[in-house]
There are 2 protein chains.
Amino acid sequence: MPLNPVSRIRRFNRAVTTETGVLDQSFLGRGRPLGAARVLNAIGPAGRAVSDIRAFLDLDTGLLSRLLRSLEDEGLIDVTEDRKDKRRRFAVLTPEGHREYEAYEALSNDRAQALLDRHPHPEQLLAAMDLIASALGRDRIEIVESDPHSAPAIHCLESYYAELAARFAMGFDPAKAARLDSDDMRPPRGVFLVALSDGLPSGCVGLKGTDKGYAEIKRLWVAPSARGLGLAKRLMTEAESHARTMGVTTLRLDTNSALPEAAGLYQRLGWNEIDRFNDDPYPDLFFEKRV
Amino acid sequence: MPLNPVSRIRRFNRAVTTETGVLDQSFLGRGRPLGAARVLNAIGPAGRAVSDIRAFLDLDTGLLSRLLRSLEDEGLIDVTEDRKDKRRRFAVLTPEGHREYEAYEALSNDRAQALLDRHPHPEQLLAAMDLIASALGRDRIEIVESDPHSAPAIHCLESYYAELAARFAMGFDPAKAARLDSDDMRPPRGVFLVALSDGLPSGCVGLKGTDKGYAEIKRLWVAPSARGLGLAKRLMTEAESHARTMGVTTLRLDTNSALPEAAGLYQRLGWNEIDRFNDDPYPDLFFEKRV
DNA sequence: TATTTTATCTGACTTTAGTCAGTTAAGTTT
DNA sequence: AAACTTAACTGACTAAAGTCAGATAAAATA
């Protein structure tokens, strides 16, 4: 009986394979082999370098070459040479290619929407999907420098504030927290890092420059769907290495004892508890690390 | 930014497609095309009728015929004719075929196990997978007659008792509940139905024969991962139709007001509330329906 | 500058998957 | 028993995917 964990995963695999098979079938409905459709999709509205497509789809150079030509013959793409390096080529969608691309997008989106519409608890379904996608994609999580006012950064920060509000007995009001000047978390004074798991903002951390002889780590957050994957550690390590390259030798941070995982992490990463160094209302634990 | 529901589903699809692609690649590592591997897997240790394989994998008769022969030539399967209907053929694994089958199983199982091992909350991951598999497979949920002592039935019943224990303020002790003779839920006196979603027991209901001029509906349960898919209604409808074919005209059931979804369902399905008709300690609501 | 490496393309394949019309033999229906 | 239906097989295809050994031109390196 399929009660053991491995059987449950395999049942999941079967269900999902069937689903993707159906989608592939509907892709064929546009009169083009799947290989060509995949290349069109990989190029995307922004265009893409040919070598990049090859790496992404893991195709043989000859095969990709022919697929690109077939799309070109259909009038869906243009392939031009790279100005900097004339060996390289770059594929972009023509207006007609854009339309075709959107048609494929619509097929995928409609299917996703249909699944959503007929589920009684869409938010639960989406949370489950986020969790699984993060578990499967943990090796593909990338950490990127991001402006603190960019959409993914704002998403992370708002999730972070919402979580603090839920976990602090006294609640949390971002307006009451210490003012944070975004310029302090932009180069050259600091940096704001966002972790993207297959495009989903899944964590963040800010390195905030000060004029007091140290920099601060702020706003460390990891999405529930990505917890336990070692992402907090990666974010901290990246932030520290940014600090090092900026010539900072002392880092400080504050946190709250209502977030025991956080304090534990800082200790494991070699931070030392120090005395209160600011008068923010929310933190009650203070750490320092020399890098 | 991928914060909207459809983008989240598509991110999930990408992650899962990558994962299944990797598994397919590892299947190719055994030196056999995917088609043949799929047929071997579809045959399984118990063997399978050729027509059955064809329907399951949706293959052309000619194609399957050749795939079967290639497996036969490899010495992995035997195809024999059906005794009852000599047009039909039946495929079984040879000892060597069993070994090869197990090798494929091991590839899948190891991957599943690896995913589990490196996840911080395996039970949460599995629950997410169950939920998604049920959502995707809702059209494939089948309701089968099952002995009340069979493994899937026991799984459902134990989950049901655990849930009652959690939801009743006074707890729930199966030993204190009204004795249930399994024979009353076996033909010809009654029936026990289990809902299987891609093999996972996801719901149950019992029709219990009595000598009092009515039959009782007992143990209606739907797994959390399958709720909202209309499964409870399907189970009730099937149980009622079994009652009808058994010549029963009056059905009764008892439930508890701590399970408001249940009472609501019974009302929607045309049941009428009646006075207490037994002295079980747990129920406080009683219903009747004429069929 | 000569040599090596890299990115892409071309031609000539092979393998896999899939289609389809027709055949055979065994059941089913009339 | 004749006519029909069904399950599986065969032969003759096509399309799609993938492989591989050069060829070519543009960098990169020695």
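Here is how names work: the chains are called A, B, and so on, in the same order as the sequence lines, proteins then strands, and each is numbered from 1.
Protein chain B contacts DNA chain C from dT16(C) to dG27(C), reading 5' to 3' and using non-hydrogen atoms of the protein with a distance under 4.0 Å. Contact footprint of chain A on DNA chain D: nucleotides with an atom under 4.0 Å from a non-hydrogen protein atom, first to last in 5' to 3' order, dA16(D) to dA27(D).
Under the side-chain hydrogen bond (donor to acceptor under 3.5 Å, both in side chains) criterion, S150(A) pairs with S146(A), not counting sequence neighbours. Listed by chain and residue number, D85(A) satisfy the side-chain hydrogen bond (donor to acceptor under 3.5 Å, both in side chains) test with R87(A) (two or more places apart in sequence, or in another chain). Not a single side-chain hydrogen bond (donor to acceptor under 3.5 Å, both in side chains) links R244(A) to another residue, sequence neighbours left out. Contacts of V92(B) classified as side chain to side chain contact (heavy atoms under 4.5 Å, CB included), with partners at least two apart in sequence or in another chain: D78(B), F90(B). Partners of E105(A) by side-chain hydrogen bond (donor to acceptor under 3.5 Å, both in side chains), not counting sequence neighbours, listed by chain and number: R10(B).
Between R88(A) and D52(A) there is no salt bridge, since no side-chain N of the basic residue sits under 4.0 Å from a carboxylate O of the acidic one. Salt bridge absent: D82(A) and R89(A) never bring a charged side-chain N and a carboxylate O closer than 4.0 Å. Note on R8(A) versus D130(B): salt bridge recorded, some NZ/NE/NH1/NH2 to OD/OE distance being below 4.0 Å.
Nearest-nucleotide mapping onto DNA chain D: of A49(B) and K84(A), the residue sitting toward the 5' end is A49(B).
If you take CD1 on I9(B) and CG on N109(A), they are separated by 9.5 Å, rounding to the nearest 0.5 Å.
Side-chain contact, N4(B) with S7(B): a donor N or O sits under 3.5 Å from an acceptor N or O. Side chains of Q113(A) and D117(A): a donor-acceptor N/O pair is present below 3.5 angstrom, by distance only. With no hydrogens or angles considered, a side-chain donor-acceptor pair links S197(A) and R11(B) at under 3.5 Å.
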Problem set entry | Residue pair H98(A), L76(A): steps toward the side chain to side chain contact (heavy atoms under 4.5 Å, CB included) verdict | CA-CA 8 Å; H98(A) 266 96; L76(A) 300 180; over 6 Å; no
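Listed by residue number, P33(B), L34(B), G35(B) are the residues of residues 27-39 of chain B with a heavy-atom contact under 4.0 Å to DNA chain C. Of the residues in residues 50-81 of chain A, those placing a heavy atom less than 4.0 Å from an atom of DNA chain C are V50(A), S51(A), R54(A), T61(A), G62(A), S65(A), R66(A), R69(A), in numerical order. Remark: nothing in residues 13-26 of chain B comes within less than 4.0 Å of DNA chain D through any heavy atom.
Pairs passing the ring pair (Phe, Tyr, Trp, His ring centres under 6.0 Å) check and including a residue from residues 27-60 of chain B, sequence neighbours excluded, read F27(B)-Y104(B).
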In a table with atom names and distances, give each donor-acceptor pair under 3.5 Å that connects a side chain of residues 58-68 of chain A to protein atoms at least two apart or in another chain.
{"from": "D60(A)", "atom 1": "OD2", "to": "G62(A)", "atom 2": "N", "distance (Å)": "2.7"}
{"from": "D60(A)", "atom 1": "OD2", "to": "L63(A)", "atom 2": "N", "distance (Å)": "3.1"}

